[in-house]
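Presented below is the structure to which this report refers.
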Amino acid sequence: MVRIRLLGGVAAETDDGDPIDVGTARTRTLLAALALSPGVPVPVARLIEQVWADAPPRTVAKTLQWHVARLRAALGHAAIGRAGAAYRLDLPAEAVDVGRFRAHLRDGDAEAALAEWTGDPLAGVDAPGLATAVHGLVEEWLGALESALEHQVDRDPHRAAATLTGLVARHPLREGLWALLMTALTRSGRRADALATYQRARRHLVAELGIEPGPRLREEEARILREEEPREGNLPPRLSPLIGRDDALAAVAGALAGSPVVTLVGPGGIGKTRLALAAASRTGGAAWLLDLSEITDAADVPRVAAGALGVAQRPGRGLTESVVAALASRTALLVVDNCEHVPDGAAGFVQAVARGCPHVRVLATSRERLAVDGEQVVAVGPLAPEAAAELFHTRASATDLGYDRLAHAADVADLCRHLDGIPLAIELAAARVRSHRPRDLLARPGAATGERRTGAPRHRSLRAALAWSHDLLTDAERVALRDLSVFRGPFPLAAAAAVTGDDALLGTLVERSMVSTVPGPRFRLLEPIRRFAAAQGPTGEAAGRHARWCLVEVAEIGVLLRGTREEEGVARLRELWPNLRAAFGWACATGDVAAADALVRPVVTELTLRAAQEIGDWAERLLALLPPDQADRRAFWLLWAAERLTQTADPAAFAALTAPDHPPDHPLARYAAAYVRGDGQALAQLLPPAVAGLREREPYLAAFLRLNAAGTLLGVGRFAQVDEAVTVLAARYRAEGPPTLHHWALQTLAYSAAFQRRPGDAERFFDEAATIDLPEGSLSAGKAVQARTAFRRGDRPRAYRLLRDYIDELVATDNVVAASVVCIEFVTMTAALGLREEAGRMLAYLESRNEFGAMAARLLVPYAVGGRAADPGLTDRQALDYMGAVLDRLTTGQERRSAGR
């Protein structure tokens with residue numbers, strides 16, 4: 001087959017790549033005029049206009065016939081056909097590079113289209129009659145280039161900025177390129193250059209066209225001007241512009257100014273989340289998103305909040321109380337999203353925050369009001385007709401570069417009316433414009449929501465939109481979507497393949513906007529789509545495959561958590577957690593106790609290392625499912641239930657947990673009972689048989705148990721036992737990981753040395769522990785140790801600041817149980833400074849704590865303190881407040897002395 005090239009020049013070649021001589025420049029112009037529309041008859045009059053423009057020869061008809069004959073001789077007689085008073089290039093579109101370029105654009109593959117672009121259209125050919133066609137091709141190329149550069153701006157803004165700088169110089173009137181350059185510069189840390197770029201673009205537009213920049217450039221400038229340094233919070237960055245919601249944004253802002261709780265209500269898919277996030281991003285203060293879409297239990301609401309805010313549950317307080325205490329003195333905004341999943345739990349949590357946090361505002365989204373005190377409701381309705389059409393046109397243009405909004409305006413207006421102005425429904429419709437024009441979508445049976453209205457009124461429009469989009473899928477795609485509904489949160493490609501058996505279908509579902517992509521790369525189903533898909537049939541087999549995938553993932557993560565790549569394991573577990581929760585729930589619901597056990601066991605130590613207290617809940621669920629004859633498993637999970645209840649200082653709950661059949665007669669169970677009581681003497685006797693039972697099957701956990709018991713053993717003076725065991729463990733963890741246990745082992749040895757009056761060894765261990773980088777969220781007394789080191793080296797201002805910062809961190813997160821660790825360093829410092837009253841008061845407090853604190857009070861500094869306060873009677877929080885005030889006084893005094901010098 002002959003191939004025609006119009007990009008970078010006009011030429012022809014054989015299938016083997018040999019060039020074909022097509023004759024003079026005028027003949028090449030004629031070839032270009034025909035090849036721009038292969039297979040389409042081009043009237044003679046039109047050809048004459050394109051080839052000769054305004055200066056045709058007197059014998060133009062015969063001259064045209066001569067050039068046609070010349071082309072037939074070069075390309076083959078059949079290549080040029082005649083249809084009445086018109087000629088036609090009888091070659092398929094893929095034989096012409098422009099045809100291939102446009103086909104890729106229709107398919108939405110901008111990168112493939114750009115690969116076909118080898119140079120300027122008709123380069124080297126003087127064809128003023130084809131100037132319009134050339135300009136159109138260049139516009140299509142620039143559109144494809146902009147689409148590709150949008151992705152590059154996300155991946156590599158520095159490289160994109162360099163490319164765009166050259167493009168705006170060649171195409172200074174194309175506002176899209178200027179806007180992309182501004183974005184690339186901003187993301188490269190060049191905010192000032194981005195604003196200067198806007199001014200350059202404006203000068204070009206005013207000088208050349210006499211117009212001001214359009215909406216896209218103005219919005220980009222406004223966004224950059226609003227942009228601040230990263231602030232506290234977790235709102236997702238770089239939200240796309242919100243269409244048609246200016247009045248709603250103003251209403252939300254006014255409601256937040258006067259009410260502690262504002263709830264956005266409306267049906268699913270109406271855009272409540274996007275509106276809430278846009279409103280929150282405009283407040284200018286600290287804001288957190290609490291997404292409740294992945295939970296089904298009301299008790300999990302405070303757990304989501306604690307996870308987002310980084311708050312740990314502390315002894316004597318529930319998780320909600322801990323969150324409220326952490327926020328009590330803060331000024332912040334909480335966006336509590338998808339409350340309809342757990343309405344009672346959400347309402348209880350929001351009410352607690354509203355009552356206990358006077359400077360915190362809550363912006364909730366739900367399908368109905370929360371009915372809490374002080375709540376103001378803002379109803380989010382459908383988009384107005386003009387805004388709905390604009391949303392469709394915007395999304396359709398992003399999907400299909402050839403989309404003509406003017407040509408489809410009337411049909412789009414009708415379609416948006418049929419879709420009731422629901423943003424999600426409109427976006428799903430717009431995603432199909434590459435294969436279905438708006439008129440086709442409107443004509444499809446069931447496309448109008450009125451034909452599918454079932455269920456509660458607030459569900460009807462979204463249900464219709466989802467059902468309609470679902471009906472457009474093939475049977476295989478529907479099954480794959482239903483199977484993918486078992487995932488909670490993001491999932492990788494390999495997971496989709498494991499559950500559906502065909503990862504190719506995932507790409508199709510992404511293209512049809514039924515599955516979304518997130519950075520990673522990862523995939524996820526929007527929650528309304530996930531719930532709709534799950535309702536289409538049983539997903540038991542898919543849930544089983546999902547659980548098996550989770551088993552593989554969690555086993556790999558367990559290996560990472562136990563070695564030098566612990567930080568990677570922590571990150572992967574954080575991402576897996578919603579799916580792990582779902583898989584564990586399925587295993588329990590189906591009675592597959594072995595699978596439930598295997599899903600949690602590899603990561604069980606996260607309960608201790610990073611306060612993953614949900615593992616304690618899972619331990620109790622397993623205990624309720626395990627039959628009495630599985631003594632080993634019951635004892636194992638009793639141990640981890642005891643760990644969680646020790647963290648929350650609730651030994652009575654442990655007694656209730658074992659009351660029905662009493663603790664099993666098992667070494668681990670007896671150890672767990674002693675551990676939760678804090679009985680150091682009993683623990684010392686029970687540790688060896690408990691470890692022996694684990695050593696052969698799970699040596700890592702056996703070693704972990706020895707280290708975890710060390711603090712309690714130090715409190716009863718078992719120094720030699722601790723030193724012997726932990727020295728071996730420290731060497732192992734130093735060589736093999738994980739870093740957190742190496743850190744813990746060194747700190748344990750340091751406290752043991754301090755108790756034994758070996759200060760040199762203690763400082764050496766503390767110094768080494770301070771050099772270890774820990775994964776985010778790891779429990780550690782690191783700042784207290786750093787303060788000790790700074791004080792020992794004579795840098796007292798830094799020591800005061802570090803210990804004060806640590807106190808602030810503990811108060812903010814309600815981690816007040818660690819007050820005894822602060823107290824050790826505080827007493828050491830104040831005693832060394834001769835502050836006998838302050839040191840004595842806190843030493844008395846330390847004596848009243850647990851056995852570890854009492855041992856520290858007895859052995860660390862009594863020789864330097866003297867008398868005790870008669871009534872230590874301080875709670876942990878009061879002790880922290882007192883120590884903080886003393887440190888403030890010391891810091892102020894140090895600053896005054898420095899200023900005096």
Side-chain angles (χ1 to χ4, degrees), residues 105-106 108 139-140 143 147 175-176 214-216 218-219 239-251 264 266-275 278 379-454 457-473 511-514 526 528-529 532:
L105 288 186
R106 287 193 299 272
E139 284 296 306
E140 290 181 71
S147 178
E175 295 188 44
R216 183 174 179 184
R218 294 198 305 271
E219 288 173 6
L239 294 172
S240 58
L242 190 63
I243 295 174
R245 295 298 195 192
D246 290 346
D247 291 345
L249 282 170
L264 307 184
I270 203 71
K272 302 184 294 294
T273 299
R274 286 284 290 110
L275 176 60
V380 184
L383 292 173
E386 297 80 7
E390 180 60 26
L391 176 62
F392 186 101
H393 292 315
T394 300
R395 298 295 185 260
S397 297
T399 300
D400 183 359
L401 296 175
Y403 177 79
D404 186 344
R405 62 188 298 158
L406 293 178
H408 302 299
D411 293 331
V412 167
D414 288 342
L415 182 59
C416 289
R417 280 195 294 273
H418 278 293
L419 296 177
D420 289 346
I422 304 296
L424 178 57
I426 292 167
E427 296 203 19
L428 289 171
R432 307 308 300 271
V433 296
R434 276 189 302 197
S435 56
H436 298 75
R437 298 292 90 182
R439 182 179 297 276
D440 300 325
L441 295 172
L442 191 59
R444 285 187 63 85
T449 57
E451 297 183 23
R452 287 187 176 268
R453 288 187 173 174
T454 57
R458 67 179 184 272
H459 293 153
R460 292 173 183 172
S461 295
L462 179 60
R463 181 183 180 88
L466 293 175
W468 160 69
S469 189
H470 185 264
D471 287 347
L472 291 175
L473 302 177
E511 182 179 345
R512 282 154 173 62
S513 295
M514 299 302 284
L526 296 176
I529 296 176
F532 179 91

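These values consider heavy atoms only, across backbone and side chains, with no hydrogens, waters or symmetry-generated copies. In what follows, residues are counted from 1 in the order of the sequence shown.
Checking each of Leu415, Thr394, Leu391 against Ile426 for a side-chain contact (heavy atoms from CB on, under 4.5 Å) leaves exactly one that passes, namely Leu391.
Side chain of Asp440 to backbone of Arg437: a donor-acceptor contact under 3.5 angstrom is found. Formation of a donor-acceptor pair under 3.5 Å by the Lys272 side chain with backbone atoms of Val380 is not found in this model. Judged by distance alone, with hydrogens and angles left aside, the side-chain atoms of Glu175 form a donor-acceptor pair with the main-chain N or O of Gly214 at under 3.5 Å.
Between Leu401 and Gly143 the shortest heavy-atom distance is CD2-O, 4.2 Å. Minimum heavy-atom separation, Pro423 to Gly271: CG-N, 4.5 Å. Between Gly244 and Ala387, the closest heavy-atom pair is CA-CB, 3.7 Å. Residues Arg245 and Gly381 share a closest heavy-atom pair of NH1-O, 2.9 Å. Considering all non-hydrogen atoms of both residues, Gly421 and Ala388 come closest at CA-CB, 4.4 Å. Across all their heavy atoms, Ala431 and Thr399 have their closest contact at O-CG2, 3.8 Å.
With sequence neighbours excluded, no residue satisfies salt bridge (charged side-chain N to carboxylate O under 4.0 Å, His left out) with Arg106.
Atom CG of residue Leu428 and atom CG of residue Leu526 lie 8.5 Å apart, to the nearest 0.5 angstrom. Distance check: Leu424 CG to Leu419 CG gives 10.0 Å after rounding to the nearest 0.5 Å. Within the model, atoms NE2 of His393 and CG of Asp404 stand 9.5 Å from one another, a figure rounded to the nearest 0.5 Å.
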### Message
Walk me through whether Ile422 and Ile270 qualify under side chain to side chain contact (heavy atoms under 4.5 Å, CB included).
### Response
CA-CA 5 Å; Ile422 304 296; Ile270 203 71; 3.3 Å; yes
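Salt bridge status for Arg395 with Glu390: absent, with no side-chain N to carboxylate O gap under 4.0 Å.
Between His408 and Tyr403, the ring centre distance stays below 6.0 Å.
Using a 4.5 Å heavy-atom threshold, the side chains of Arg432 and Leu441 count as touching.
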